[in-house]
Amino acid sequence: MVDKLRERQYPIQIVLIVSAAVLLLKAAQLQLFDETLSRRADATTIHRMTIYPPRGLIYDRNDSLLVNNNAVYDLMVTYNQISPQMDTLKFCHLLGITRSEFEAALKKDWKSGKFSRNVPFVFLKKIPSTTYAQLQECLYEFPGFFVQVRNIRAYPYQAGAHVLGYINEVDQRDIERGGGAYVSGDYIGATGVEAHYEERLRGNKGFSFLLRDNLGRIVGRYADGKADTMPVSGDDLILSIDARLQQYGEALMANKSGSIVAIEPSTGEILAMVSAPTYDPNELAMTNDRGPVFQRLHSDPLKPFFDRTVMAKYPPGSIFKTVVSLIGLQEGTLHPQAGQGCGGGYFYAGRLYKCHGHGPVSNVVDALAYSCNTYYFSEFRDIVDKYGFNNPHQGLDKFYQYCREMGLSQRLGVDYPNESPGNIPDSRYYDRIYPKRLGGWRSPTIMSLGIGQGEIQMTTLQMANLAACIANRGYWYPPHLAKGFKSGGDIPAQYRQPRRVSIDPKYFEMVVEGMAQCVVRGTARSCAIPTIPVCGKTGTSQNPHGDDHSVFFAFAPKDNPKIAIAVYVENAGWGASYAAPIASLMIEKYLNDTIAVERKPLEERMLKANLVEKYLQNRRQAALKPFSRPNAPALPSPNIPTGEPSGQTPATTATQDERRRR
C-alpha cells in the first residue's frame, strides 16, 4: 500500500515542480523581459503632458519680421479629476461662459475611443490672455483643469498672405502622413512657405511627465523631472522677399486682378510675389473665428484664394517674341539685320492678320522695340519650316527644346506649393489635335504661337524667370523664396546651381538691346525711368471673352541687373496701359527706394485705378459663352496639298469646338 502511494507521489511532485518552473519563468518574462505590463502601469500612473515649441519666425531679406508668434492659452481638463464640490458658478463666471456651455464642453462620446475620462482633452480653446491671468490665480480651486500654452501666428506687415500662408489644425490625413509627429489638436502649415518648410518651422515637442494617484489626480513630477524633455524651437526662416516692395506691389495691384513676380537675376531669389486680389493674413490668425472668413473669401467672385503667381496659366502675348528672336538667331533662320515689310499686317491666303502701326522694321532690335506681329508670324514659320514645309515636327520640337531650357513648359521647382508647369506645345500635342487622317498640321496652322498666343500658357513666375534668364544673357537660377535660416544651414543645393541655355550670349545681347529700345522709343516708352536704364517688353494678351490682358516683363539696370520682373493685369488692355507702368514703379521703388516727383502722377493713377468691375463683367461674359480654349489655332482643311498650301485661313482665336465641327 505504501509503495503504491509512493508511486503516485512521484508524478504529482514532478507535475508540481514543472508547474512551478513554468510559473517562475512566466513571472520572470513578464517582470524582467516583457515591458508590456510596465508600460500599462506607467500609463495609469504617469501622465505625459506635451510642451509645444515656439514655431520658427519668418523674416524678410532685410531682417524685418514678417511672421511672429503670439501666445494662446488652451484650457485642458481631465474628466475623472473634476471635483464634484467645485464652484461651477465661479468657474463659468471667470471664463465668461454659461452653465449649459460648461456642460456641453464636458459632454463627449466616451465610446468612440477618441476621448477618455482619464486623459486630458481641450475644454476651451484660445482663451484671452486677460481671462488666463484671472483664471491662473485661482486655478487650484478647480482640480482637473490646467492651461496649455500654444503659439499662433501674427503678421506685423499685413502683407504677403499667399506667400506666407497660414496654419491649420491637423486632420486625420495630416496625422497619418506625419509619421507620429502630430496628434489631434496640433497645428500644421497649410499653405505658402508655412506648408513648404513645415518640418523646419514646427520644431520638436517637449514632454513633462507627471505622477497620478489611483483616482487619476496629479500628485507630483515623475522622477523629479529627470525624464522630462525640453521643446526645441522651430528654425527661424529668412525669406528673399523684400517686405516694403511686397507691400508696394500689393498697393499697386489693389482693386485689380493679376500678379507680380520680381526676381534677383544673379541668385534667383524672389523679391516680391503678389497675387491680386489678396487679403490681410491676420484675418486667418488662429485667434479669430475663421469660419466666416473662409466662407467669405471662398465665395468672393474675385477669388482671393487663387494664387495667380504660380497657378494661373496665361497666354504671354508679345513678350514671347523675345523667345522667338533668340531661337531664330541661334538656328540661323533669323538674320540680325534682316528687315521686314509690314504694311499693316501679315497677309496669308487672302487674309490679313493685323499689326498695330509702327515705324519701319529694319532688324531684330526694331522688331522687338515696335513689337511687329508681321515680323514674328514670318519668323516663327521660318523656324518651324527649317526642315521643310512638310516636316514641321522637327522644327517645332527643336523650338520646344529651347523653350524647356529657358524654364518653360515645366515646373521651375520653386519652394512653394501648387506651381503649374504651363504649356509649350510640341509636335505630339498638335498631332493629337490635328490627326493625319484629317490632313495634319503645318506652320500656318500654328503661327499664332509666334506672337505668344495660341496654345502657349505661362505662369507669371515663368515670365519673371524668363526676364532673369535674358538679363543674365543665357542662364538662370531656379527661383526660390528661402534665403537662409537663422540657425545656419544652406538652402537646398538645387537653388544654387545655374541652368544654362544653349544659345550664344551674343544673341542675348541683341535681344537685350531690343528690350532697351522698346523702353526708349518703342511700345513701352511711356514708362521709362529717367535715372535707370530699363530693358522691357510689352504684351497684350488676346482674350476671346472680353477685354485683353495687359502684360509686361523687364529687368534693370541694363548692365549688372538687380531686378527682373513680370506683371500681368487681367482685362486691363494694352501692355503699356497698366502692366508696364506698375512694373516700372516697382523697379524704381526697389532700386531708388522712392518714386521721382515727376513720376508721382503715374504712381497716383496706378494706385487709384479700379478694374474690379471690368474683371467681373468679363467673368460674366465668359460664363455666358460655351467653353473654349482661348487663342487656339484653327483646324486646317483636311485636304492639305503636299506643296505650299493655299486657301487656308489660320485663325488665332478658333475654339476646340470649332475644330471638331470642321
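In what follows, every heavy atom counts, from backbone to side chain, and hydrogens, waters and symmetry copies are set aside. Nothing fancy with the numbering, it's 1 onward along the sequence. All values reported here derive from a predicted model rather than from experimental measurement.
- Contact of the His162 side chain with the Arg308 side chain is not registered, since no non-hydrogen atoms from C-beta on lie closer than 4.5 Å.
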TODO: Using the side chain to side chain contact (heavy atoms under 4.5 Å, CB included) rule, take Thr523 and Tyr370 through it: C-alpha gap first, then chi angles, then the decisive distance, then the call.
DONE: CA-CA 6 Å; Thr523 57; Tyr370 298 129; 5.6 Å; no

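- Between the Lys313 side chain and the Met311 main chain, no donor and acceptor come within less than 3.5 Å of each other.
- Side-chain atoms of Ile270 and Leu239, non-hydrogen and from C-beta on, never get closer than 4.5 Å to each other.
- Here OG1 of Thr278 is found 9.0 Å from CG of Leu297. Values are rounded to the nearest 0.5 Å.
- A salt bridge links Lys558 with Glu513: the distance from a Lys NZ or Arg NE/NH1/NH2 to an Asp or Glu carboxylate oxygen falls below 4.0 Å.
- Ion pairing between Arg599 and Glu603 fails under the 4.0 Å rule for side-chain N and carboxylate O.
- Under a 3.5 Å cut-off, the side chain of Gln247 and the backbone N or O of Tyr157 do form a donor-acceptor pair.
- With salt bridges taken as basic N to acidic carboxylate O contacts below 4.0 Å, none links Arg500 and Glu405.
- Under a 3.5 Å cut-off, the side chain of Thr191 and the backbone N or O of Tyr166 do form a donor-acceptor pair.
- For the residue pair Phe552 and Ala524, the shortest heavy atom distance occurs at CE1-CB, 3.7 Å.
- In this structure, the side chain of Gln457 does not engage the main chain of Ile424 through any donor-acceptor pair within 3.5 Å.
- Side-chain contact annotation: Arg381 with Ser443, donor-acceptor N/O pair under 3.5 Å present.
- Proximity of a side-chain donor or acceptor of Asp415 to a complementary backbone N or O of Leu481 within less than 3.5 Å is detected.
- If you run side-chain contact (heavy atoms from CB on, under 4.5 Å) between Ile529 and each of Ile587, Leu585, Val519, only Ile587 comes through.
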Task: Gln497 and Tyr477: CA distance, side-chain angles, deciding distance, side chain to side chain donor-acceptor pair (under 3.5 Å) verdict - done: CA-CA 6 Å; Gln497 302 297 323; Tyr477 290 89; over 6 Å; no

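- Under the 3.5 Å distance criterion, the side-chain polar atoms of Arg525 are matched with a main-chain donor or acceptor of Gly522.
- Under the 3.5 Å distance criterion, the side-chain polar atoms of Asn472 are matched with a main-chain donor or acceptor of Pro265.
- Between the side chains of Lys256 and Asn610, no donor N or O sits under 3.5 Å from an acceptor N or O.
- For the side-chain hydrogen bond (donor to acceptor under 3.5 Å, both in side chains) with Arg244, the qualifying choice from Asp593, Asn62, Asp60 is Asp593, the only one to do so.
- Here the CG atom belonging to Leu408 is positioned 9.0 Å from the SG atom belonging to Cys469, to the nearest 0.5 angstrom.
- Gln340 pairs by the side-chain contact (heavy atoms from CB on, under 4.5 Å) definition with Thr374, Tyr375, Ser378, not counting sequence neighbours.
- Among all heavy-atom pairs drawn from Ile595 and Lys589, the shortest one is CD1-N, 4.0 Å.
- Atoms SG and CZ, from Cys518 and Arg521 in turn, are 9.5 Å apart once rounded to the nearest 0.5 Å.
- Thr594 and Asn592 form no side-chain donor-acceptor contact under 3.5 Å, judged by distance and modelled atom types alone.
- Contact detail for Ala272 and Met586: the closest heavy-atom pair is CB-CE, 4.1 Å.
- At a cut-off of 3.5 Å, with distance as the only test, a side-chain donor of Ser325 or Tyr376 sits close to an acceptor on the other residue.
- Pro533 places a side-chain heavy atom less than 4.5 Å from the side chain of Pro557.
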- [ ] Would you please test Tyr416 and Asp307 for side chain to side chain donor-acceptor pair (under 3.5 Å) and show each step?
- [x] CA-CA 11 Å; Tyr416 190 69; Asp307 191 340; 2.3 Å; yes

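- The distance from the OG1 atom of Thr267 to the NZ atom of Lys483 is 6.0 Å, given to the nearest 0.5 Å.
- With 3.5 Å as the limit, one finds a donor-acceptor pair spanning the side chains of Glu570 and Ser257.
- Taken from CG in Leu396 to CZ in Arg428, the straight-line distance is 11.0 Å, to the nearest 0.5 Å.
- Cation-pi geometry between Arg473 and Phe508 is not met at under 6.0 angstrom from the ring centre and within 45 degrees of the axis.
- Using a 4.0 Å cut-off between charged side-chain N and carboxylate O, Lys506 and Glu509 make no salt bridge.
- A heavy-atom distance below 4.5 Å is not found between the side chains of His393 and Tyr430.
- Arg61 places none of its side-chain heavy atoms less than 4.5 Å from the side chain of Ile241.
- When all heavy atoms of Gly546 and Asn618 are compared, the pair lying nearest together is CA-OD1, 2.8 Å.
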Open item on the list: Run Glu613 and Gln617 through side chain to side chain donor-acceptor pair (under 3.5 Å) and show every step you take.
Closed with: CA-CA 6 Å; Glu613 184 54 40; Gln617 183 179 354; over 6 Å; no

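- Taking the six-membered ring wherever Trp is involved, the centroid distance between the rings of Phe305 and Tyr279 falls below 6.0 Å.
- Taking the six-membered ring where the residue is Trp, the centroids of Trp574 and His549 are separated by 6.0 Å or more.
- Within the 6.0 Å centre-distance limit, the rings of Phe399 and Phe380 are counted as a close aromatic pair.
- One N or O on the side chain of Gln462 and one on the backbone of Gln410 form a donor-acceptor pair closer than 3.5 Å.
- Inspection of the His335 and Asn363 side chains reveals no N or O donor paired with an N or O acceptor under 3.5 Å.
- Between Tyr568 and the options Ser541, Ser550, Ser259, a side-chain hydrogen bond (donor to acceptor under 3.5 Å, both in side chains) holds for only Ser541.
- Closest approach of Tyr578 to Ala609, counting heavy atoms only: CE2-CB, 3.6 Å.
- Side-chain contact, Glu455 with Tyr429: a donor N or O sits under 3.5 Å from an acceptor N or O.
- Annotation: side chain of Ile563 is in contact with side chain of Leu271 (closest heavy-atom distance under 4.5 Å).
- A distance-only check finds no donor-acceptor pair linking the side chain of Ser371 to the backbone of Leu368 [under 3.5 Å].
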TODO: Under the side chain to side chain contact (heavy atoms under 4.5 Å, CB included) rule, what do Ile260 and Ile565 come out as? Steps first, then yes or no, please.
DONE: CA-CA 7 Å; Ile260 303 172; Ile565 189 168; 3.9 Å; yes

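- Residue Pro316 comes nearest to Met463 through the heavy atom pair CA-CE, 4.1 Å, listed as atom of the first residue, atom of the second, then distance.
- Thr540 OG1 to Asp548 CG: the interatomic distance, rounded to the nearest 0.5 Å, is 6.5 Å.
- Screening Lys537, Met406, Met515 for a side-chain contact (heavy atoms from CB on, under 4.5 Å) with Ile470, the sole residue that qualifies is Met515.
- Judged purely by atom type and a 3.5 angstrom limit, Asp366 uses its side chain to pair as donor or acceptor with the backbone of Ser362.
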Task: side chain to side chain donor-acceptor pair (under 3.5 Å) between Arg620 and Tyr615, worked out - done: CA-CA 9 Å; Arg620 289 191 290 268; Tyr615 170 80; over 6 Å; no

